[in-house]
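Here the structure is laid out as structure tokens; the discussion comes afterwards.
We number each residue from 1, following the sequence as shown. Indexing begins at 1, ligand by ligand and atom by atom, following the structure's order.
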Amino acid sequence: MKIVLASDHAGFFLKEKIKDFLVKEGHTVIDVGTNSSVSVDYPEYGFKAIEKLLNGEAERGILICGTGIGMSIVANRFPGIRAALCHEPFSAQMARRHNDANVLVLGGRLIGDGMAIEIVKTFLSTDFEGGRHERRLNLIEELSRLSNS
Ligand code: RB5
């Protein structure tokens with residue numbers, strides 16, 4: 001799978017661990033930074049990753065900041081992006097099954113590497129159930145278009 005990764009300084013070390021894991025698993029990884037633990041602004045890196053999803057270069061995204069909250073706020077501003085902040089695998093499973101989440105967000109200051117990898121595995125291996133959940137996702141797009149017009 002083609003996966004875009006982004007983090008700020010607070011998510012940098014976890015991003016590197018996740019990148020190693022994904023490459024070992026045979027995924028194609030696009031890393032849009034940041035490239036060190038020097039302080040940067042998370043919106044810039046979140047946006048770089050979202051661009052890759054919106055232009056079709058990546059199928060899924062994984063964004064990491066300190067809490068995951070800032071990156072979630074950034075990602076969910078864009079139509080067609082469904083970003084889920086997950087702290088354990090059950091949320092990641094439901095984010096895929098019910099919400100067809102295409103972006104996983106992690107809090108680099110909140111979870112350990114082992115937990116993060118389990119969340120990523122679940123996020124990448126769980127299918128969307130469709131049906132009534134598809135109707136609800138369509139409603140989100142429809143209602144947000146109405147509220148912007
Ligand atoms: C950076 O200090 C921190 O604010 C950022 O990583 C993130 O947690 C924001 O939501």
Short N or O contacts of ligand 1 with protein, under 3.5 Å, listed by atom name?
unit_1	atom_1	unit_2	atom_2	d
ligand 1	2 (O)	Arg109	NH1	3.3
ligand 1	6 (O)	Asp8	OD2	2.6
ligand 1	6 (O)	Gly66	N	2.7
ligand 1	8 (O)	Gly66	N	3.2
ligand 1	8 (O)	Thr67	N	3.0
ligand 1	8 (O)	Thr67	OG1	3.2
ligand 1	10 (O)	Gly70	N	2.9

Query raised in the report: Between Asp8 and Ala10, is there a donor-acceptor pair closer than 3.5 Å when you use the side chain of the first and the backbone of the second?
Result: yes
Could you list the donor-acceptor pairs under 3.5 angstrom formed by side chains in residues 73-80, with sequence neighbours left out?
unit_1	atom_1	unit_2	atom_2	d
Asn76	OD1	Ala83	N	2.9
Asn76	ND2	Ser72	O	3.3
Asn76	ND2	Ala83	O	3.2

Query raised in the report: Taking all non-hydrogen atoms of both residues, which atom of Leu124 and which atom of Arg60 are closest, and how far apart?
Result: CA-NH1, 3.8 Å
Query raised in the report: With ILVMFWY side chains joined below 4.5 Å, transitively, what does Phe13's cluster contain besides itself?
Result: Phe12
Query - Of all pairs that satisfy salt bridge (charged side-chain N to carboxylate O under 4.0 Å, His left out), the ones with a partner from residues 117-131, not counting sequence neighbours - result: Arg97-Glu129, Glu118-Lys121
Query raised in the report: Out of curiosity, does Val23 fall in the hydrophobic cluster containing Val32 (side-chain heavy atoms, cut-off under 4.5 Å, transitive links)?
Result: no
